[in-house]
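Keep in mind the model is a prediction, meaning the values are calculated, not measured.
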Amino acid sequence: MLSPTQRIAPPLNRVPNVTADFWLIKLMAVTMGETAADYLAVNLGLGLTVTSLMMTGVLIIALILQFAQKRYIPWAYWLAVVLVSVVGTLITDNLVDNFGVRLQTTTIVFSVLLAATFAIWYASERTLSIHTIHTTKREIFYWLAILFTFSLGTAAGDLVAESFDMGYLTTGLLFGGVIALIAFAYYVLKLNGILAFWLAYILTRPLGASFGDLLSQPVEYGGLGWGTTFTSLAFLGCIAALVLYMTLKKDADEIEDILLESD
């Protein structure tokens, strides 16, 4: 029997808490996902098919590392997010460029797939909360949903920017405004937190992709002409710095918790 002073440690969550750091690095990751996919497929001349197969293999390795952790480890988690962002972009690009699927169709299809993922997840676990991702089953649902949010965000962002001819800056501002409305609804109108999170998570993908294209694309195509190489490396450096900061902060918090428990 456990003595009254003994406590059973709660299961560890495998994904990070939603903080300002979380949204900042997530936005950078999706921006890099857009530019990195273009860099590999176009600038390096690998093509969509080779790039997709190569990055899918790297993503599988990263997810194996992430699932092996059994708790939130910043470098493993954010490596997986960056790679899911790249692969999610490539899935949509393949459907549109290689198979001729219209952006309207891909947007609808990925919306349905994401909704089905949420429905099955909820039917199985009775929650969609990211604060209780402490089993392998829930983590599988989580990453599947993340993949579909990236593919959906890519399709929706390209649909608005290109098919509706709104341009990268206007598209980015549009999605940024919608995210601001969601934040207002959450903080002021008390919108359900889980719903607000997933809506914002989906929309940060086209927001980041729009600004990634704005920075990297040539001036004649409506961009600033920074190029995919410079843009990708710049955001990769920022992501690495933030992950290092998160790691050091997490280690410091764990040490503080140990010291408090020993008092």
Is the closest side-chain heavy-atom distance between [X] and [Y] below 4.5 Å?
X      : Y      : answer
Arg71  : Asn13  : no
Arg14  : Tyr72  : no
Phe118 : Trp198 : yes

Restricting to non-hydrogen atoms, name the atom on Leu44 and the atom on Leu40 that form the minimum distance, rounded to 0.1 Å.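 For Leu44 versus Leu40, the nearest heavy atoms are CB-O, 3.5 Å.
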Could you check Trp78 against Phe22 for ring-ring contact (aromatic ring centres under 6.0 Å, His included), going step by step and ending with a plain yes or no? CA-CA 10 Å; Trp78 289 109; Phe22 173 92; 5.6 Å; yes
Should we count OH of Tyr142 as having more than 12 external heavy atoms under 6.0 Å?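 Counting neighbours around OH of Tyr142, more than 12 heavy atoms of other residues, nucleotides or ligands fall under 6.0 Å, so yes.
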Over 12 foreign heavy atoms within 6.0 Å of CH2, Trp23: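 Buried by this count: over 12 neighbours within 6.0 Å.
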For Tyr77, is there any backbone N or O sitting under 3.5 Å from a side-chain donor or acceptor partner on Gln66?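 At least one qualifying donor-acceptor pair exists.
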Does one side chain, of [X] or [Y], offer a donor that lies under 3.5 Å from an acceptor on the other?
X      : Y      : value
Arg205 : Thr149 : no
Thr228 : Asp38  : no
Ser232 : Thr35  : yes

Classify the ring geometry of Trp226 against Phe230: parallel below 30°, tilted from 30° to 60°, perpendicular beyond 60°.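 Because their plane-to-plane angle is over 60°, the rings of Trp226 and Phe230 count as perpendicular.
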